[in-house]
There are 2 protein chains.
Amino acid sequence: MADSATSASRPAGAPPTIRDVAEMAGVATSTVSRALSNPGRVNRVTRERIEEAAAALNYVPSSQARGLSSGRTNAIAVLVPDVTNPFYFDIIRGTQNQLKAAGYTQLLVDTEESAEMEADTLRKMQRTADGFILAASRLTDAQLADAASSQAIVAINRSSANAPAVVIDTPGAVVQALEHLSSLGHSKICFVGGPASSWSNATRWKTFEEASQERGLTTFRVGPFAPKTTSGAAAADAAARTGATACIVFNDLIAIGMLQRLRERGIRVPEDMSIVGCDDIFGADFCNPPLTTISSPIEQAGRVAVSMLLAQLDPLQAASTRRLAVMPTHLTVRASTGPVA
Amino acid sequence: MADSATSASRPAGAPPTIRDVAEMAGVATSTVSRALSNPGRVNRVTRERIEEAAAALNYVPSSQARGLSSGRTNAIAVLVPDVTNPFYFDIIRGTQNQLKAAGYTQLLVDTEESAEMEADTLRKMQRTADGFILAASRLTDAQLADAASSQAIVAINRSSANAPAVVIDTPGAVVQALEHLSSLGHSKICFVGGPASSWSNATRWKTFEEASQERGLTTFRVGPFAPKTTSGAAAADAAARTGATACIVFNDLIAIGMLQRLRERGIRVPEDMSIVGCDDIFGADFCNPPLTTISSPIEQAGRVAVSMLLAQLDPLQAASTRRLAVMPTHLTVRASTGPVA
DNA sequence: CAACTTTTGGCAATCGCTTGCCGCCCGGTT
DNA sequence: AACCGGGCGGCAAGCGATTGCCAAAAGTTG
C-alpha cells in the first residue's frame, strides 16, 4: 500500500503547481498546460483525466507564471483622476463588470487629477497590465500619443486623434439644456466651469458658447472650480453675482454644492435661479430640489471602453476596431429648473 | 568607435530587462537586482552606476517575474459586495490611498453580495494577491477561518474570532440614536433591516433590541431589504404600517429611499416620522430632508484595514499584530429627526 | 605579516508556466 | 509494402526576476 509515493514532493502547505497535476494525471506539464488553456489541442480522454486531477488538487494556475511566459497578464488598469467622485464610481462599476465577465482583473488606480502621476503609472504598469483605461485623462495630446503607441489604451471622455476613445456626448445635451432654459424664458445664462485641465470642460464650454450665441443669449462664465460639492459655495456666489437667471454647471457635484449654498443665501431654486447639472450621478435625483441634469450612460461608457480595449488586444479584431464611440445623452428635467421669474 | 556593441541584443520595441541594465552597468544581473531592492547589499558607487543605467534605459522591473521568484506580488485584493454602494466607495478610497502609499497595487473585486463568489475569488486569487481585504464579508465563520488560515486576511465589518478585523462601532451609536429619539419623545421605534446575511445588520439589530428593551421602548422590525435606495419604498411602507413614529434604518441608502417614498405618501419627515440612517454616506447631507445618521469613519476603516494587513504580511510585525480594531462612530443629527407629534 | 572578517559581486538554480519543435502512433494512399 | 499526414504528447528552452552559496577583494587584528 505504499507504491504511489511519487508525489510526496509537494510541501503540504504550498498550493499545487502544474507539475503536481501532471504527475497525478500521468502526463507532462506541457500537456496539462494545453489541456487547460487550449483544449482542442489535446485528446478528450486525456483532457478529462487532467481536469479531474486539477479539480482534485484544487489547482489554480499562477497568473504570475503564466504572465511571465506568455507575456499577457490578464489584467487591465483603470486610471481615474479621483476615486472619490461618483462619476468615476459609475465608470469603475462598468469596467469592473465587463472585465470580470471577460476574465480580466481590474487594477484600480487613483491618479489624483495629476497628469504626471498618470504618465508615471502608465510607465510603471506597462508590464503589469495588458491595457489601460484612462478616465478623463489629464495627459497632453503628445503624452497620450506616446502612451498609445506603446500600449493598448482606451480613453474615456478625452478625445484625441491619437488614441481610441469613448466620449459621452454631453455637449449634445448642452444644446438641449440651453433650449430648455431658453424656452423657460431665460436669456442670461452662466456656465459654471470645472477643472481647467479637463477636456470635457473645454468641450462643454465651447458648445455652450456657440449654441448660446446662435440663439442670441447672453452668457457668463465663472470658474474653474474643483469638481466637488464643496466648490459649490464659491460657484454659487460667483454665479449669483453675474446676474444670470440660470446656470449650466460643469457637473452635478458642483451643482449640488451650489444648491445648498443658494438655499443658505435665500436664493430660491428654481424661482430665482435655475440650475442644470451634468452627468446625473448618484444623488442628483434626491437632492433638494432634485436636479435637472444631463443624464449620461456612465456605466455603459465604462463597459464600452472595456470592449474596445479587449478588441484591441485581440489580434483577430485589432485591425477592425472602432477608434471612437460616442455615448448618447439626454436632458433629465427635474425640479431645479423653472420659468424665469 | 565600435567596441561597445555588446548590447545590440535588445529588440528595440521590448521594454528593457534587468539584463540590459546589468550589461550597461557592466555587472551581473544579481547585482542589479540587489542594488535596486536591497541597496545596503551593494557598494555605493556600483549602486549609483546601476541606478544611472536603469534610469537611462527607463527600466521598470517586471512585477510578474519578481513575483514568480520572490513569491510576493505586491498586490492586495479588496473584495466588496457591491462596487455600486457608496459605503464601499469610501472603503475603496481608503484602501486605495493607503495601498498606494505603501507601494501596493489594489485589485478591486465585486463579489455581488455572494458568499460563493467571495470564496471563489479568494481561491482563484490566492497566488495573485499577497493578501485580502474583505469588506462586509458574507462568508460563514468556518469559511472565513479556512481562508484566514491559508492567507493574509483582514475583514471589515465582519468580526469573528477567526480573522483579524476592523469593525465600525455602529452598534455603539445605535444606542445614542435610540436615546436621541427617546429624548424627542419617541417610544415606538422600528428597525428597518438590511441583508439577512450581513453581520452588521445582525449586530445592529441585536443592540437595537437590547437597548430598546432596557429603556422600555416598543420595537418593531421590518425587512430584510436590499441595501439600495430602491428598497426604500417597500421599507417605508412596511415601517409606516407598524405604527412606529421613528425608524432606525440599516443604512443611509435605504433611508434615503424611504425619505422619497414617505414624501410621496404625504408622510412628513420628521413631523410624522423620524428617520435615522447609518453610515453617513455621500448624499446623506444633501438629501431632503438632510438625514440624521450614524457617522462612520469609513474611509479610515479602509486605511486601518490596509495597515493591519500589511503588518500581518511583515514578518517582523506579524506576531504583534492587532487582531481587532474598533472604529468609533457618532450620531450626526440633521433634519430627519424631530419631536414626536 | 599571517590569519580572519567583512564586503562585494558573480554563478546558477529556481519560481510555475507556455510554446516551438520533434517524434510516435495510426489509419489511409498508391 | 512503403509512404504520408494528422493527431497527440513530451522535451526543453525560455520568460525576468530573486537568492543561496561561493570566492575574490578589502579591511582588521594581534
TODO: Scan side-chain atoms only and decide if B:R93 and A:T84 contain a donor-acceptor pair under the 3.5 Å cut-off.
DONE: yes
Open item on the list: Quick check on salt bridge (charged side-chain N to carboxylate O under 4.0 Å, His left out): which of B:E113, B:E116, B:E112, B:E118 does B:R138 satisfy it with?
Closed with: B:E113
Open item on the list: Under 3.5 Å, is there any donor-acceptor pair linking the side chain of B:R41 to the base of C:dG9?
Closed with: yes
Open item on the list: Measuring to OP1 and OP2 of C:dT19, would you say a side-chain N or O of A:R72 lies under 4.0 angstrom away?
Closed with: yes
- [ ] Indicate, with a heavy-atom threshold strictly under 4.0 Å, whether B:A65 touches base, sugar-phosphate, or nothing.
- [x] base
TODO: Please figure out whether A:V45 or B:I18 has its closest DNA chain D nucleotide nearer the 5' end.
DONE: A:V45
Task: Donor-acceptor pair under 3.5 Å, B:R47 side chain vs C:dG9 base - done: no
TODO: Counting heavy atoms from C-beta on, name the nucleotide in D:dG16, C:dC17, C:dC15 closest to the side chain of A:T17.
DONE: C:dC17
TODO: Between B:L68 and B:V27, name the one whose nearest nucleotide on DNA chain C is closer to the 5' end.
DONE: B:V27
Open item on the list: Looking only at the side chain of A:R127 (C-beta and beyond, no hydrogens), which of the listed nucleotides D:dA17, C:dG10, C:dC17 gets closest?
Closed with: D:dA17
Open item on the list: What's the closest nucleotide to the side chain of A:S30 if the choices are C:dT8, D:dA12, D:dG9?
Closed with: D:dA12
TODO: Answer yes or no: side-chain N or O of A:T29 and base N or O of C:dC17 forming a donor-acceptor pair under 3.5 Å.
DONE: no
Open item on the list: Within the 4.0 Å heavy-atom criterion, would you say A:R34 contacts the bases, only the backbone, or no part of the nucleic acid?
Closed with: base
- [ ] Check step by step if side-chain hydrogen bond (donor to acceptor under 3.5 Å, both in side chains) holds for B:T95 and B:Q106.
- [x] CA-CA 8 Å; B:T95 53; B:Q106 155 155 291; 2.7 Å; yes
Task: Candidate nucleotides C:dT18, C:dC21, C:dC17, ranked by approach to the side chain of A:S70 - the nearest - done: C:dT18
- [ ] Let me know, please, whether B:R49 or A:S62 comes out on the 5' side of the other along DNA chain C by nearest nucleotide.
- [x] B:R49
